[in-house]
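In the text below, chain A, chain B and the rest are named by the order of the sequence lines, each starting its count at 1. What you are looking at is a predicted structure, and each value in this text was computed from that prediction instead of being measured.
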There are 4 protein chains.
Amino acid sequence: MLNVAIVGASGYTGLELIRILHCHPEVAVTCLTSEQSAGKRISEVFPTLRERCDIVLENLEPVRVAEKADIIFTALPHKAAMEVVPTFLTLGKKVIDLSADYRLADPAVYGQWYEPHMNPANLKKAVYGLPEIRRAKIKKAQLVANPGCYPTSIILGLAPLLKKGVIELAGIIADSASGVTGAGRSAKVDSLYCEVNEGYRAYGVGGTHRHIPEIEQELSLLAGTQLKLTFTPHLVPMDRGILSTIYATPCKLLSVDSLAKLYRDFYAGEPFVRILPTGSLPSTAFVRGSNFCDIAPVVDPRTGRIVIVSAIDNLVKGASGQAVQNMNLVCGFPETMGLNGLALFP
Amino acid sequence: MLNVAIVGASGYTGLELIRILHCHPEVAVTCLTSEQSAGKRISEVFPTLRERCDIVLENLEPVRVAEKADIIFTALPHKAAMEVVPTFLTLGKKVIDLSADYRLADPAVYGQWYEPHMNPANLKKAVYGLPEIRRAKIKKAQLVANPGCYPTSIILGLAPLLKKGVIELAGIIADSASGVTGAGRSAKVDSLYCEVNEGYRAYGVGGTHRHIPEIEQELSLLAGTQLKLTFTPHLVPMDRGILSTIYATPCKLLSVDSLAKLYRDFYAGEPFVRILPTGSLPSTAFVRGSNFCDIAPVVDPRTGRIVIVSAIDNLVKGASGQAVQNMNLVCGFPETMGLNGLALFP
Amino acid sequence: MLNVAIVGASGYTGLELIRILHCHPEVAVTCLTSEQSAGKRISEVFPTLRERCDIVLENLEPVRVAEKADIIFTALPHKAAMEVVPTFLTLGKKVIDLSADYRLADPAVYGQWYEPHMNPANLKKAVYGLPEIRRAKIKKAQLVANPGCYPTSIILGLAPLLKKGVIELAGIIADSASGVTGAGRSAKVDSLYCEVNEGYRAYGVGGTHRHIPEIEQELSLLAGTQLKLTFTPHLVPMDRGILSTIYATPCKLLSVDSLAKLYRDFYAGEPFVRILPTGSLPSTAFVRGSNFCDIAPVVDPRTGRIVIVSAIDNLVKGASGQAVQNMNLVCGFPETMGLNGLALFP
Amino acid sequence: MLNVAIVGASGYTGLELIRILHCHPEVAVTCLTSEQSAGKRISEVFPTLRERCDIVLENLEPVRVAEKADIIFTALPHKAAMEVVPTFLTLGKKVIDLSADYRLADPAVYGQWYEPHMNPANLKKAVYGLPEIRRAKIKKAQLVANPGCYPTSIILGLAPLLKKGVIELAGIIADSASGVTGAGRSAKVDSLYCEVNEGYRAYGVGGTHRHIPEIEQELSLLAGTQLKLTFTPHLVPMDRGILSTIYATPCKLLSVDSLAKLYRDFYAGEPFVRILPTGSLPSTAFVRGSNFCDIAPVVDPRTGRIVIVSAIDNLVKGASGQAVQNMNLVCGFPETMGLNGLALFP
């Protein structure tokens, strides 16, 4: 039985980690931190946990946290993560970091999109934790940089095309939409029920979203050369889910069948990627609460475009579920352990 | 490993049974029936099941179903259940019936609220499957009549008061509200998204809802004498959940503390009933996807009323979760097996 | 053309006043205040107003506001209203106050539920602005205390029964549910989309909601004697609407027809109260955006109870629409002027 | 006072026509038809109309309808419209057709996407009713083909770019999302609350949606040459609204300011198109219930793309509001008459 700490437990990804790990047979959650709610029981913050997880939240003192845990999930805002991760690593702990702090290999790029990086030394240790792309390296990592939610949906959607070199590298567009948990749990007028409900809107239009460098880094690695994409996120009035509709131009015309085969072959044996049968399309509702990424590759015969639609639960495959998947890899557990739950529908 | 059949698998309670049983270590789902979708894979009807449960739906031929299963869940409309349950029983199968057909002990009462009962003989065998009230009998039952959703929330809410004889038996009011899954999955204009969304309404006002005789039967048994209640159901624009706000008049004034103690003592050791700490109130959001019933007993010092608020997920503790709880009892499995999942929040 | 000021314009009731008054042919909005957004255009706060109402929000300086307006709507939190209303009155302005500050005739009661009243002198001038009950007095008022949302739905629901003396005065219960705009527009975790969505919950259980003294004051006046009621509010995941389900015991048995006639007679000629045909029930969806109060009076023949269901849009008949109705009365305009818009459905 | 008939009044666009025309000072609704609900009052179908519009629905007998009305709105499915429109025209009536039947100038294209056209003769009379593009012709039309909802949002979004010739004609992508009213009011499992709620999905991926030929026809006319676009519609769990995010490649680099100026100049004086200030983005919530089309033109400096975001209420500017705007033009009323209502927010 491994002991697990969750740093930043009073946010939605923290709660989702607790929910998933509660059913994991090989780990025990032993430490939860929250600056805002320290001293309270986690079940006072999230009444879903009553009588199942009543741990008292504590302040984030890295050494004390490290004493209580073998592996640590950091579910903190960017910057806050790299303030404590070095201590955890020095103390020999394994870390799954859900923030953006260790996702970008080049600290200069981080500096350009966020702020100056405080811990470039550990960037080299970090492995970008998308198991379908980098499973072998993750298994040996001490520090896993858990991917962002939009990047997960887009990279998984495009990986087969880029790896196989069948699309043009210029002009890729990803049009994505997210549920409101993506905005976190802080008290802002913009996230109020009545501001969000019954409205659909774009944000970060024009290439300003901070997930862009992460997406481009991984797509470029897959393509073997530097590329750029146009990315537009949208906000959907629902709790969970990300759906990405991705547009690419094939180098030469692809049939629907050969496109489908390319995807099935690429993801053969993957436990959490489902290539939908031709004619079916994903919905975020069909992955809610599960660790699946559903993908439908489509050809538009009129315009020659390839259109890829991919769907995940942003809190599961887009955050905490993938983090547990990474923990399983890092700890040598079966990769699907604790992640077999079916989506909750409706 | 027991084999399980779900009769009527293409409705929401059928799907929820599949979802829950998928994580149950002692049973395997071996047979699913659906009149409307026979011949299709269940995963075509519910894409959440893709690559996890791809069983082909078949027509409901009772003998063939019985050959494939040790225990059978009937998730059918009323009347349809009692057309097949006798065959299952004759063939020696155990049955958990989620319909209303075997809930009312008196066939005349059934006839009054539904239609003439076709199988009064088996009514005597049936045990009303509310484990918190009737655990011992359920363990020995061949046929369990799984309670309705509203009744579960109301009976659990009132049981301690009636059993202890601390309230007046006349004048009890239950004001309940349900999510839309309660209306089922058939194509009706009234259940369309745009008809339901952004509206809250009462229905069945004036004592017409068919759950009334079931509630009164069980409350009367608890009270030891016949009683009537006023019941008003409402429809809430959300998928899942029932919350009941129940009003009763104490025989003599009760303090908040003694009321709380009464509830805690009554439900001591119950794995799925949570009596909330004084000052906390239930929300359907906090039980969504879980088998919990959350209860807050409150005293209104100004009017002397007792107000009980109880919340369940109508598809779990109000239907399929409770059915699995009953299966566990009937089969001798630990009562909580397969039911330990935490609520999905948000 | 009268000039109108809205004090506290950046909340939802302020916006709703602007929306309604925009189509009112006899008034012009000339002044909007907001402490938080002073200096911004109102259309920056609420983009719905772009190119239709671009007034710059100003700080609340009562004398300056009074210079710009003939009639003033105060859409402020309680206490903040009574800090400025006296100045408006002294300067000869008419005031429609949407706060609770002038609703309770007895300052001691106000003190008990809120805090010490700062302006008891003007309480005597204030008229409780429920036109269906007190139209004549409103026409002559300088200060109208616009009713609360829950009180409007409950008082209109009970008025015929109490005025005609056909129900027992003890034991009345009002079980109400509100959309989330009722919680206002301030940034609180409890009002976040993901906290509210897909959940239904009770709050203020046990007689603690501040609308209780207001409801009891008006019901007692209608009954001619002091009475108390049990009131439970609930929160529904939708933007707008209040539905109240009210339980009363008739002094002697009433037929459905005589009950319906009693309601139709009482509200005959009322432009904004609709008594539904027998068999129909209200939904908040059917009054959304309109000034209607829909009422269905029902008899439960099994228990002898009368059950009244009433529905309003909390922001319209429960706040800003009723405020405009009061303005029309106070200013001698036709009572329905500017309020003829139909509900927006879906 | 003109007399107006609405053919197909029991759908959502029919209801929305009634709602809007109720406040129009120059017309009276005198005839409503519905095959499914003939004999019922429209207020029984839509309780929002109670005591405001209680007209009895009748069967669609074209001659009788024509006798009662000067102008006729046909809110029918495609094909059903062209079965009756010829009669209305022959009888000298003006027709605003909300179906697809007269939108495509070339009957062969109609035949390719729908079925053989039954009334090509009248296609020449029909004017595509997008006032911002074709106001002069609409004023003289007897038959107006009211645009589809997606086409309205996309054509208004792209018109300035195409008319000014500043973008490449190949490779335009429109990624759109619609509320559920777009699916109509017929009883289908796919449109049930619990199937739609809490899910976001694409449909018609790969160039299959029937609005494509309409969009391409109008864009090609604006561009002066035939073009094709890639179009992906999505379904959002909300009642109303369409938001289109449109991607185009500029012929030469455009600054944000010059792009904004181009849009402001193009739409100068338009009463229902709002070009948002730089930095602001549209939401469907900000146009709900209003006839506005909000547009934000954005440049992505990293990729050189132009990204246009446009939002409408699909039932208003995307259907019934635009139909009334067309009626105003056809009848010589002020174009904005009856359409000045502000959006309902929240």
Side-chain angles (χ1 to χ4, degrees), chain A residues 170-173 175 177-179 192-208 212 216 228-232 234-243 245 247 249 256 281-286 288 296 298-309 311 344-346, chain D residues 170-173 175 177-179 192-208 212 216 228-232 234-243 245 247 249 256 281-286 288 296 298-309 311 344-346:
Chain A
I172 298 172
I173 292 172
D175 193 287
S178 173
L192 293 179
Y193 183 86
C194 297
E195 301 289 313
V196 171
N197 190 36
E198 292 296 296
Y200 177 77
R201 58 185 171 89
Y203 65 100
V205 180
T208 66
I212 290 175
E216 292 184 346
K228 284 185 178 173
L229 96 162
T230 302
F231 169 60
T232 310
H234 298 76
L235 189 67
V236 183
M238 61 182 187
D239 287 333
R240 289 166 177 250
I242 280 183
L243 187 130
T245 304
Y247 302 89
T249 308
V256 177
L281 289 165
S283 166
T284 62
F286 300 148
R288 183 170 57 232
V298 180
V299 175
D300 182 339
R302 298 176 63 262
T303 63
R305 292 267 189 191
I306 292 175
V307 186
I308 308 299
V309 186
L344 191 78
F345 179 86
Chain D
I172 299 172
I173 291 173
D175 193 288
S178 172
L192 292 178
Y193 183 86
C194 298
E195 301 289 312
V196 172
N197 190 36
E198 293 295 298
Y200 177 77
R201 58 186 171 89
Y203 64 101
V205 180
T208 66
I212 289 175
E216 292 184 347
K228 284 186 178 173
L229 95 162
T230 301
F231 169 60
T232 310
H234 298 76
L235 189 68
V236 183
M238 63 183 185
D239 285 336
R240 289 168 177 248
I242 280 182
L243 187 131
T245 303
Y247 302 89
T249 308
V256 177
L281 290 165
S283 166
T284 63
F286 300 149
R288 183 170 57 232
V298 180
V299 176
D300 181 339
R302 298 176 63 262
T303 62
R305 292 267 188 192
I306 292 175
V307 186
I308 309 299
V309 187
L344 191 78
F345 179 86

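Between Arg240(D) and Tyr200(A) there is no side-chain heavy-atom pair separated by less than 4.5 Å. Within the 4.5 Å cutoff, the side chain of Ile173(D) has heavy atoms near those of the Ile173(A) side chain.
Taking both residues in full, the closest heavy atoms of Gly199(D) and Pro237(D) are given as O-CD, 3.1 Å, listed atom of the first, atom of the second, then distance.
Side-chain contact check for Asp300(A) and Tyr247(A): no donor-acceptor pair (N or O, by modelled atom type) lies under 3.5 Å. One side chain, Thr303(A) or Thr230(D), offers a donor N or O that lies under 3.5 Å from an acceptor on the other.
Of the two parts of Leu229(A), only the backbone, made up of N, CA, C and O, holds a non-hydrogen atom closer than 4.5 Å to a non-hydrogen atom of chain D. Residue Ala311(D) does not touch chain A at all, counting heavy-atom pairs closer than 4.5 Å. Pro282(A) touches chain D through its backbone: at least one of N, CA, C or O sits under 4.5 Å from a heavy atom, while the side chain does not. Proximity to chain A involves both the backbone and the side chain of Val205(D), based on heavy atoms less than 4.5 angstrom apart. Proximity to chain D is absent for every atom of Phe286(A), based on heavy atoms less than 4.5 angstrom apart. Looking at Arg305(A), the atoms closer than 4.5 Å to chain D (heavy atoms on both sides) all sit in the side chain, from C-beta outward.
Here the side chain of Arg288(A) pairs a donor or acceptor atom with the backbone of Glu198(D) at under 3.5 angstrom.
The candidate with the highest count of non-hydrogen atom pairs below 4.5 Å against chain D, out of Ala285(A), Ser283(A), Pro346(A), is Ser283(A). Comparing Asp175(D), Val236(D), Leu235(D) by how many heavy-atom pairs each has under 4.5 Å with chain A, the most go to Asp175(D). The candidate from Val256(A), Val196(A), Ile212(A), Leu243(A) with the greatest count of non-hydrogen atom pairs under 4.5 Å with chain D is Leu243(A). Across Val299(D), Thr208(D), Ile242(D), Thr232(D), the residue that shares the most heavy-atom pairs under 4.5 angstrom with chain A is Thr232(D). When the candidates Ala296(A), Gly241(A), Ala177(A) are compared by the number of heavy-atom contacts under 4.5 Å with chain D, Ala177(A) comes out ahead. Between chain A and the options Val309(D), Val307(D), Asn197(D), Asp239(D), the largest number of non-hydrogen pairs under 4.5 Å is found for Asp239(D). Per-residue heavy-atom pair counts under 4.5 Å with chain D were compared for Ile306(A), Thr245(A), Thr249(A), and the maximum is reached by Thr245(A).
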Subject >> Check against side-chain contact (heavy atoms from CB on, under 4.5 Å), Thr284(A) and Arg201(D) >> reply: CA-CA 7 Å; Thr284(A) 62; Arg201(D) 58 186 171 89; over 6 Å; no
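Glu216(A) has a carboxylate O that lies under 4.0 Å from a charged side-chain N of Arg302(D), or vice versa, which qualifies the two as a salt bridge.
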